[in-house]
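Lettering follows sequence order; numbering is per chain, from 1.
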Amino acid sequence: SQQGEEDPQALSIQEGENATMNCSYKTSINNLQWYRQNSGRGLVHLILIRSNEREKHSGRLRVTLDTSKKSSSLLITASRAADTASYFCATSRDTDKLIFGTGTRLQVFP
Amino acid sequence: DAGVIQSPRHEVTEMGQEVTLRCKPISGHNSLFWYRQTMMRGLELLIYFNNNVPIDDSGMPEDRFSAKMPNASFSTLKIQPSEPRDSAVYFCASTLGLDEQFFGPGTRLTVL
């Protein structure tokens, strides 16, 4: 069964706007990762946040982690049409195994 | 580095036929993962190997599915006999340690 549930399932915004996606998970974790998948392609790693971290930045990406609520959010600032993709959170505990969420489909209109 | 390589990229076969999917992980990575992605079930982990040894195959749907990793640079996922419900995109990914996984481009399997 999937560990993560993502919200919203789909999101449509205009270029320049910010996009926020949320992920909730069920058990304790070692780290949480976000991946992007363009249509018809494999997943690409975006950012990793460890369980002892609360916030992390990478370029236009900002990730937060609240282990007490078992939730994370991914913020993409100043979105571009090229950001159109599906975004997945994935959690790991004490092994290499990742459990992926259900994903958020982001559409950015020019 | 060429990244994770999968072959074939597309496979169309008839029900009952044997299907073999292939994966070459990134050199130096010690863990390899096979995933299946469908609209209905999302991205599911089928099996993963660490140092060529299967660690967790709890996601393998049934005995028709088998996976091998004879050496550090090659893995196969075999379906025999194939069924229409096996139609999906199959991804291979590799990693070194507990961090990011690197995904291949996937094999789109259609079973008629």
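- With hydrophobic clusters built from ILVMFWY side chains whose heavy atoms lie under 4.5 angstrom apart, M69(B) does not share a cluster with V4(B).
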I would like to know whether F91(B) and Q37(A) meet side chain to side chain contact (heavy atoms under 4.5 Å, CB included); could you show each step before the answer? CA-CA 12 Å; F91(B) 289 102; Q37(A) 184 180 33; 3.4 Å; yes
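- Atom CG of residue L98(A) and atom CG of residue L45(B) lie 8.5 Å apart, to the nearest 0.5 angstrom.
- F88(A) approaches Q37(B) most closely through the heavy-atom pair CZ-NE2, 3.8 Å.
- Looking at heavy atoms from C-beta onward, E100(B) lies in side-chain contact with Y35(A) at the 4.5 angstrom threshold.
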Result block: side-chain N/O donor-acceptor pairs under 3.5 angstrom for residues 48-56 of chain B, not counting sequence neighbours:
unit_1 : atom_1 : unit_2 : atom_2 : d
N50(B) : ND2    : S31(B) : OG     : 2.8
D56(B) : OD1    : S58(B) : N      : 2.9
D56(B) : OD1    : S58(B) : OG     : 2.6
D56(B) : OD2    : K97(A) : NZ     : 2.6

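- With a 4.5 angstrom heavy-atom cutoff, Y35(B) touches chain A only via side-chain atoms.
- Looking only at side-chain heavy atoms (C-beta outward), T102(A) and L43(B) stay at 4.5 Å or farther from each other.
- By the 6.0 Å contact criterion, NZ on K68(B) is open, its count of non-hydrogen atoms from other residues, nucleotides or ligands being 12 or less.
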For a quick test of your reading: what N or O donor-acceptor pairs under 3.5 Å do the side chains of residues 8-17 of chain A make, sequence neighbours left out?
unit_1 : atom_1 : unit_2 : atom_2 : d
E15(A) : OE2    : A81(A) : N      : 3.1
E17(A) : OE1    : Q14(A) : N      : 3.0

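- Other residues, nucleotides and ligands place no more than 12 heavy atoms under 6.0 Å from the CG atom of D63(B).
- Annotation for R60(A): atom CZ counts as buried by contact number, over 12 foreign heavy atoms lying within 6.0 Å.
- Residues Q101(B) and H45(A) have side chains not in contact (no heavy-atom distance under 4.5 Å, counting atoms from C-beta outward).
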